[in-house]
Amino acid sequence: MQKILIDDISPGSVIAKDILNHEGVMLIPKGTILRDKFISQLHEIGVEEILVEENEQESAQRIKEIQKSMNIDEIIFEKTRIQAQMQIKKLMVKFSTMNHMNLDKIKYLVEDIIEQLLLKKDIVLTLSRLRSIDNYTYEHSVNVCVLSLIVGIDLNLDRDSLKNLGIGAILHDIGKVGVSEGILKKPSRLTEKEFEEVRRHTQYGYDILTNTNISEEAAQIALCHHEKYDGTGYNRRLKGESIPLYSRIVAVTDVYDAMSNDRVYKKKMSPDKVFKEIARMGNKHFDREIMEKFVRHLSLYPTGTGVILNTNHRGIVIEQNRLLPESPIIRLFKKDKSSNRSSFVDVDLSTTRYLFIKDTF
Ligand SMILES: [Fe+2]
């Protein structure tokens with residue numbers, strides 16, 4: 001075992017000795033795989049260093065470095081993504097002082113995103129990148145736009161419809177300019193009154209957008225993206241196909257993106273759990289046909305995911321197996337004890353009957 005400072009620990013490391021609090025109460029038992037959530041909890045309670053299993057800390061560290069440097073194919077150009085995020089930020093910040101929105105630039109960027117997506121075939125979503133909590137709304141807006149357009153393309157929407165869907169999707173949460181920052185960034189549970197204020201972002205967004213030159217259909221997305229197919233959503237508890245099509249699309253992509261990334265009040269879920277959760281919610285909250293179109297682009301274990309096998313070996317997903325999504329090709333790391341050299345081996349899980357993924361990190 002090895003003593004490691006909490007600042008240097010990597011998710012995926014394994015605790016080598018029970019962690020107790022000052023009163024001797026067990027906090028985390030030996031053998032637990034450390035996740036981001038546990039690491040930040042340990043930070044919060046002031047733990048400075050812990051004992052971890054040596055080999056596993058090393059391979060987890062190695063995987064983290066590889067994940068950072070992996071050249072994962074971006075769905076849209078990084079430059080476009082950043083420009084769009086900056087533009088949303090500008091719109092939201094300026095609106096509070098000018099009370100007016102000029103959407104020309106963001107419209108142009110959405111058209112650029114559509115062009116880029118139309119050139120791609122068979123898009124599989126890769127591991128979501130690390131997000132900064134401060135820029136959450138802007139990054140989330142662009143992601144929801146890209147994901148919604150992927151569904152729109154699958155539905156064979158024409159170019160004008162895609163433009164309406166894209167602009168409405170990228171601005172779906174614009175009404176958050178009317179919600180106090182304290183509530184949006186509150187790390188703990190919201191009171192019913194605070195929830196009510198959050199819910200108002202839909203009507204507020206719609207009111208802002210109807211004063212611009214975007215179409216009614218696009219503005220409706222801001223109003224209806226929290227409606228649920230079974231009629232349990234807000235604001236108007238619309239049901240089934242009385243919810244406009246574009247809002248039914250954004251309802252799925254909005255929830256997917258939120259679950260896949262850290263938020264101030266909740267840690268992200270692993271891709272396989274998000275996949276299952278979206279499929280489960282499909283029966284109640286979403287339009288089933290749209291949900292099914294969307295999940296075709298998801299992967300249980302996106303490229304770049306750290307995985308733990310039934311043999312406790314650690315690896316990283318390097319390639320997908322489209323026909324067998326639960327069995328991707330993974331790179332396993334090992335260290336030769338005599339020479340102290342690290343090496344790796346690539347294993348196609350679809351060709352082995354005895355190896356399977358038991359967990360992710
Ligand atoms: Fe929203």
Side-chain angles (χ1 to χ4, degrees), residues 84-85 88-89 91-93 95-96 101 103 106 110 128 131 133-149 151-152 164-187 189-190 192-210 212 214 217-238 243-266 268-269 274 277-278 281 284-287 290-291 294:
Q85 284 167 12
I88 294 287
K89 188 173 184 175
L91 284 174
M92 292 181 90
V93 173
F95 183 78
S96 47
M101 270 185 197
L103 300 178
I106 198 74
V110 167
S128 59
R131 297 259 192 98
I133 292 285
D134 274 352
N135 286 330
Y136 178 82
T137 302
Y138 320 123
E139 293 175 3
H140 172 69
S141 302
V142 177
N143 246 15
V144 167
C145 169
V146 171
L147 301 173
S148 302
L149 286 170
V151 177
N164 279 327
L165 168 62
I167 191 76
I170 209 164
L171 297 167
H172 75 284
D173 267 347
I174 203 78
K176 286 196 174 164
V177 289
V179 181
S180 85
E181 190 115 325
I183 293 182
L184 290 177
K185 292 192 172 158
K186 189 177 170 188
R189 215 184 174 82
L190 297 182
E192 189 45 44
K193 213 170 158 220
E194 288 166 336
F195 252 129
E196 221 169 86
E197 190 178 332
V198 171
R199 284 192 204 109
R200 275 202 286 271
H201 79 280
T202 50
Q203 183 67 52
Y204 197 49
Y206 177 71
D207 294 343
I208 293 170
L209 295 178
T210 44
T212 66
I214 70 167
E217 282 171 297
Q220 286 270 349
I221 296 178
L223 186 64
C224 303
H225 68 275
H226 287 286
E227 299 288 359
K228 291 177 181 166
Y229 206 71
D230 63 358
T232 59
Y234 61 93
N235 288 338
R236 291 178 287 165
R237 293 183 158 260
L238 296 179
I243 306 167
L245 172 67
Y246 299 164
S247 302
R248 276 180 270 145
I249 297 174
V250 172
V252 180
T253 57
D254 181 28
V255 169
Y256 166 80
D257 190 66
M259 288 197 297
S260 306
N261 293 285
D262 287 341
R263 286 163 284 171
V264 269
Y265 51 91
K266 216 174 180 183
K268 67 180 176 189
M269 289 163 73
V274 175
E277 192 59 17
I278 290 281
M281 288 163 89
K284 293 185 281 181
H285 295 178
F286 306 137
D287 177 331
I290 289 171
M291 184 274 288
F294 180 62

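Read the numbers this way: they start at 1 and go in the same order the structure lists the ligands and their atoms.
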Result for side chain to side chain contact (heavy atoms under 4.5 Å, CB included) between I167 and one of V110, I221, L209 points to V110
**Prompt:** Below 2.8 Å, any N, O or S contact between D254 and the Fe ion (ligand 1)?
**Reply:** no
NZ (K284) and NZ (K228) are apart, to the nearest 0.5 Å, by 9.0 Å
Could you list the donor-acceptor pairs under 3.5 angstrom formed between side-chain atoms of residues 170-181 and any protein atom two or more places apart in sequence or on another chain?
{"unit_1": "H172", "atom_1": "ND1", "unit_2": "A169", "atom_2": "O", "d": "2.7"}
{"unit_1": "H172", "atom_1": "NE2", "unit_2": "H140", "atom_2": "NE2", "d": "3.4"}
{"unit_1": "D173", "atom_1": "OD1", "unit_2": "H201", "atom_2": "NE2", "d": "3.0"}
{"unit_1": "D173", "atom_1": "OD1", "unit_2": "H225", "atom_2": "NE2", "d": "3.1"}
{"unit_1": "D173", "atom_1": "OD2", "unit_2": "K176", "atom_2": "NZ", "d": "3.3"}
{"unit_1": "S180", "atom_1": "OG", "unit_2": "I183", "atom_2": "N", "d": "3.4"}
{"unit_1": "E181", "atom_1": "OE2", "unit_2": "K185", "atom_2": "NZ", "d": "3.4"}

Taking 2.8 Å as the cut-off, does H201 contribute an N, O or S atom near the Fe ion (ligand 1), distance below it?
yes
At the Fe ion (ligand 1), NE2 of H226 and NE2 of H225 open up to roughly (10° bins) 80°
Checking distances from the Fe ion (ligand 1), one finds that the N, O or S atom of D173 closest to it is OD1
The ring-ring contact (aromatic ring centres under 6.0 Å, His included) partners of Y246 (sequence neighbours excluded) come to none
